[in-house]
J.: 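One structure, pasted below without further comment.
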Amino acid sequence: MSYISKQERAVAINPTRSCAPIGAMLANYGIHGAITINHGSQGCATYPRHQMARHFREPVEVATTSLSEKTTVYGGKGNLLAALKNIVERFHPTLIMVCSTCLSETIGDDIPGVIDEFLDKHPEVTIPILSVKTPSYIGNHTTGFDNFLKEIANNLPERRKKKGETNGKINMIPGWVNPGDIRELKHILREMGLHGVWLTDYSETLDGGYYEPRPHVARGGTTIEELRSSSKSLATVALQRHVGGEAAHIYERRYNVPAHVLTMPIGLANTDALVDTLTEITDHPVPETLQVERARLLDALVDTHMFTTGLRVALYGDPDLLEGLVGLVAEMGMTPAYVLTAADNGPWGERMVELSEELGVESEIILKGDLHELHKRIKARPVDLLIGHSKGKFIADAERIPLLRVGFPVEDRFGYHRRAIVGYNGAIALVDEITNLIFERKASAVVSNTLLELGVEGPSNVPIAVCNGSAA
Ligand code: SF4
């Protein structure tokens with residue numbers, strides 16, 4: 001039976017979380033021409049910029065109010081007013097997002113009040129300026145992303161002029177994903193003949209090309225006009241419950257746009273749920289291309305099950321990502337033995353217990369956990385595979401367990417931000433990679449669909465898999 005445990009240690013060792021401003025900054029990168037002002041010390045801008053640049057392999061531009069000892073004591077209002085003026089005059093952005101930090105929240109700076117004062121002094125400035133609360137001692141990087149989406153939903157859409165007025169589009173909230181995932185989701189909509197308003201779309205701004213002359217702002221991103229018209233969409237589909245789910249409900253409450261909040265579409269059943277929802281909203285049939293992709297995924301699951309069934313997996317990372325991944329892990333016949341997140345999210349834990357019971361798997365769901373805690377459990381009872389971001393490499397190396405790199409950050413491999421793990425195609429790629437990692441761990445040979453162990457002992461005793469012909 002699955003159960004929840006919670007790490008009570010006061011200090012985190014090798015944490016699996018990042019700080020809140022990075023989430024708001026990432027979401028803001030998906031708006032064309034928008035810029036972030038990080039209201040805090042220089043380090044509060046530098047750390048997220050480094051994290052993002054290492055993962056996305058792109059230069060990341062963020063302004064900072066650069067608070068010092070003096071402004072920490074007397075308040076950072078003057079610095080923020082100066083930063084707003086400089087950014088408007090030099091960058092001509094389409095939107096400014098001011099995110100707070102641990103420092104500016106602790107000294108109690110009234111960011112919305114400063115923005116109002118700036119706009120009163122500068123009536124010529126007509127672009128939207130949003131303030132997002134992102135102290136890192138409340139939540140983590142996903143909280144910052146989610147808070148930004150709520151600000152967008154509350155502030156940018158224009159009310160419908162006429163009842164029933166529609167733009168014929170669907171608001172798509174992918175949540176915290178990679179540029180490759182957004183492109184795969186766009187592919188699904190395109191195949192179904194649908195158009196989305198993406199909240200937000202950093203598929204190009206954070207995975208762009210090399211252009212000369214260098215454009216003033218990165219190509220791509222959702223435009224302000226699209227966001228303004230998002231109140232006229234047919235529906236909002238949030239693909240993560242905890243990053244974007246509440247924004248979808250705001251659209252429903254404020255603008256009468258129906259909300260559909262789904263599990264991240266990783267694996268067969270979760271992707272089916274997305275495709276079914278799009279069909280239900282629009283009456284568009286599922287095109288043959290998607291049916292073929294689905295059949296190919298099913299075939300991949302059948303082909304590989306003899307190598308993966310019964311393996312024990314440890315997963316760590318963000319709640320929404322884990323919820324989606326657990327679905328795929330179960331579809332591959334594996335057991336998600338440990339599912340660990342840094343978030344102290346009780347409702348998510350309960351949902352994961354329910355989900356593991358629905359899927360017929362047994363898991364320990366660990367809240368508020370760090371990688372030290374996960375390592376202790378793996379030492380006590382080993383697993384065959386680790387799934388999570390690059391920070392788990394030390395466990396993988398120490399215990400000689402293969403690591404499937406997903407989530408954020410992946411900084412010790414190249415191009416992972418370009419890959420998709422969502423949709424049927426994303427799941428096929430994951431099934432292939434997981435199976436190949438298992439082959440490598442066994443240091444084995446595969447002869448005629450038979451996995452031969454060559455005397456290298458793994459952490460658990462995986463039986464030698466022999467194809468009996470049923471998967472052909
Ligand atoms: S002080 Fe807070 S906001 Fe600044 S970098 Fe550290 S955790 Fe992030």
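When a ligand or atom number is given, it counts from 1 through the structure's own listing order.
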J.: Under the ring-ring contact (aromatic ring centres under 6.0 Å, His included) test, which residues partner Tyr416, sequence neighbours left out?
T.: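 Counting only residues at least two positions away or on another chain, Tyr416 forms no ring-ring contact (aromatic ring centres under 6.0 Å, His included).
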J.: Quick one: name the protein N/O/S atoms under 2.8 Å from atom 4 (Fe) of ligand 1, chain by chain.
T.: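 Result, waters dropped: Cys44 SG.
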J.: State the CZ-CG distance between Arg419 and Leu430, to the nearest 0.5 angstrom.
T.: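 The distance works out to 7.5 Å.
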J.: Looking at Lys150 and Glu246, is there a salt bridge between them, counting it only when a charged N and a carboxylate O are closer than 4.0 Å?
T.: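 Here Glu246 does not pair with Lys150 in a salt bridge, since their nearest N and O are not under 4.0 Å apart.
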J.: Might you check, step by step, whether the distance between atom 5 (S) of ligand 1 and some protein heavy atom is under 4.0 Å?
T.: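 Protein heavy atom within 4.0 Å of atom 5 (S) of ligand 1: present.
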J.: Which donor-acceptor pairs under 3.5 Å do side chains of residues 52-62 form with protein atoms, sequence neighbours excluded?
T.:
from, atom 1, to, atom 2, distance (Å)
Arg54, NE, Glu411, OE1, 3.3
His55, ND1, Val410, N, 2.9
His55, NE2, Asn178, OD1, 2.7
Arg57, NE, Arg54, O, 3.3
Arg57, NH2, Glu411, O, 3.3
Arg57, NH2, Arg413, O, 3.2
Glu58, OE2, Gly208, N, 3.0

J.: Output yes when a side-chain donor or acceptor of Thr263 lies under 3.5 Å from a complementary backbone atom of Gly324, and no otherwise.
T.: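 Between the backbone of Gly324 and the side chain of Thr263 there is no qualifying donor-acceptor contact (under 3.5 Å).
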J.: Suppose the criterion is side-chain hydrogen bond (donor to acceptor under 3.5 Å, both in side chains): which pairs have a residue in residues 10-21, not counting sequence neighbours?
T.: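 Sorted result for residues 10-21: Ser18-Gln51.
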